[in-house]
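Numbers restart at 1 for each chain; the letters A, B, ... are given by sequence-line order, proteins then strands. Just so you know, these numbers come straight off a predicted model, no measurement behind them.
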There are 2 protein chains.
Amino acid sequence: MQTLLSHINSYHSLNDEAQKAVENCFEQHVFSKNEYLLTEGKICRHLFFLEKGAIRGYYTLDGKEITYWFGFENDFVTSFHSFITQQPSVENIQFLEGSIVWAISKERLTRLFNEHHEIERLVRIAYEKYYIRLEERFVGAQFKSAAERYENLIRQSPHIIERVSLGHIASYLGISQETLSRIRSRL
Amino acid sequence: MQTLLSHINSYHSLNDEAQKAVENCFEQHVFSKNEYLLTEGKICRHLFFLEKGAIRGYYTLDGKEITYWFGFENDFVTSFHSFITQQPSVENIQFLEGSIVWAISKERLTRLFNEHHEIERLVRIAYEKYYIRLEERFVGAQFKSAAERYENLIRQSPHIIERVSLGHIASYLGISQETLSRIRSRL
DNA sequence: CGGGGCTTTTGACAATGGTCAAAAACCGGG
DNA sequence: CCCGGTTTTTGACCATTGTCAAAAGCCCCG
């Protein structure tokens, strides 16, 4: 829990009362490798904070798994689309390692927003950061070559490369595993 | 101004007091075709609401202009990255048609957030919608073919195709103008 | 109605990346 | 230390898209 609170405070520091409220709303869960946090078709009713471990979001296209995000220590994770709209998810969320997460339900989060303006502010600021990150990734996907995307990943997120298999990284970058292997051999 | 208020209320309806505050904070500006709202290197200090007209954001890469978003009636526009971080912008924002916009400075917006929890909520909800949209666009960019992206655009945003030149649409979709022309001739 | 400039199309060719299949390397458990 | 499964690499070939250059089309203005 301390990890969650200190991460939150790094975004926007909360007063004691709000911190207490946060503590009361998140529940800890432990998962082992390959377990699922969410599967396709289910509605995602929680927001999660990953205290320890690694996780990926993927969906299935033409029988292949397309991993399109990873989460690690100190990341908030959820199926954004499903959590926000409360529609069935198109994605699966699966642990890549044994992990510890803290969960809060959508109802409780909404209540927190009503009771603590500060917490809604925190989330608004978090959205800004996440939006900018996604924008950068979008520009990369649309306008950069496969090799450039891989080099960017090495530069910006070396931890991903160390902890995740090549096949997952390839689909994360939007390229085939074979092409990624060739790119690596050329470096 | 009525357009702005009713658009805002469609996200999350505001009480009278908050509406008054909004009215006092936005200023109207009129621009003609090809004028710039922001140029590369400048810090974007305002958020804009486009009441009427059309606008694009683009940046320059290898001497070519890459249009990566369009705005039309009822869109909020800004250089997100620059506005949020208050760093110099890498993008240019240019009007495609004569337009009417309403502007609010970052300082005033921050003040509104402090004084009206409701307005920060509205923005938080707006971010959610914008995030989901960007996510869809990202998935399209990374995992769909050029032809599929164009067909999606026709289906989801026919107004773009009607109001914007082929060259701009091509770079928006991340493909060359020639390829887009060929895709069209095959339909 | 006839340029002149901009936008769109067409053609030829090259480069990038995907697919399928097989070989090689790696890795954990017995 | 060896086996069996998984992950990664390599090879041959193909499809999609990009690039460069030129032609055609379109539209506004005088």
_Just by distance, no angles: are the side chains of B:H81 and B:Q87 close enough, under 3.5 Å, to form a donor-acceptor pair?_
no
*Give the C-alpha distance, both sets of side-chain angles, the deciding distance and a yes or no for side chain to side chain contact (heavy atoms under 4.5 Å, CB included) between B:H29 and B:E27.*
CA-CA 7 Å; B:H29 297 273; B:E27 282 175 8; 4.1 Å; yes
*With ring centroids as reference points, do B:Y172 and B:F70 lie under 6.0 angstrom apart?*
yes
Expected rows: protein N/O vs nucleotides 25-30 of chain C N/O, under 3.5 Å:
none

*State whether A:E128 and A:R124 are salt-bridged, where the test is any N-O pair (Lys NZ or Arg NE/NH1/NH2 against Asp/Glu carboxylate O) under 4.0 Å.*
yes
*What's the shortest heavy-atom distance between A:E91 and A:L38, and which atoms?*
O-CD2, 4.1 Å
*Take the protein atom CZ of A:R149 and the nucleotide atom P of C:dT16, then report the distance between them rounded to whole Å.*
14 Å
*Report which part of the nucleic acid A:R182 touches: base, sugar-phosphate, or nothing (heavy-atom distance under 4.0 Å, all strands).*
base
_Let's see if you get this right: which residues in residues 169-178 of chain B place a heavy atom under 4.0 Å from DNA chain D?_
B:G174, B:I175, B:S176, B:E178
*Parallel, tilted or perpendicular for B:Y131 and A:Y127, by the 30°/60° rule?*
tilted
*Contact boundaries on DNA chain D for chain B, cut-off under 4.0 Å to non-hydrogen atoms*: D:dT17 to D:dA21
*Is A:R163 salt-bridged to A:E73, going by a charged N under 4.0 Å from an acidic O?*
yes
*Grab the CD1-P distance between A:I66 and C:dG18 for me, whole Å please.*
11 Å
*Distance flag, aromatic centroids of A:F76 and A:F48, threshold under 6.0 Å*: no
_Flag if over 12 foreign heavy atoms under 6.0 Å of CG, B:N15_ = yes
_Spacing of B:N34 atom CG relative to C:dC6 atom P, expressed in whole Å_ = 11 Å
*A:N152 and A:R155: side-chain donor and acceptor closer than 3.5 Å?*
yes
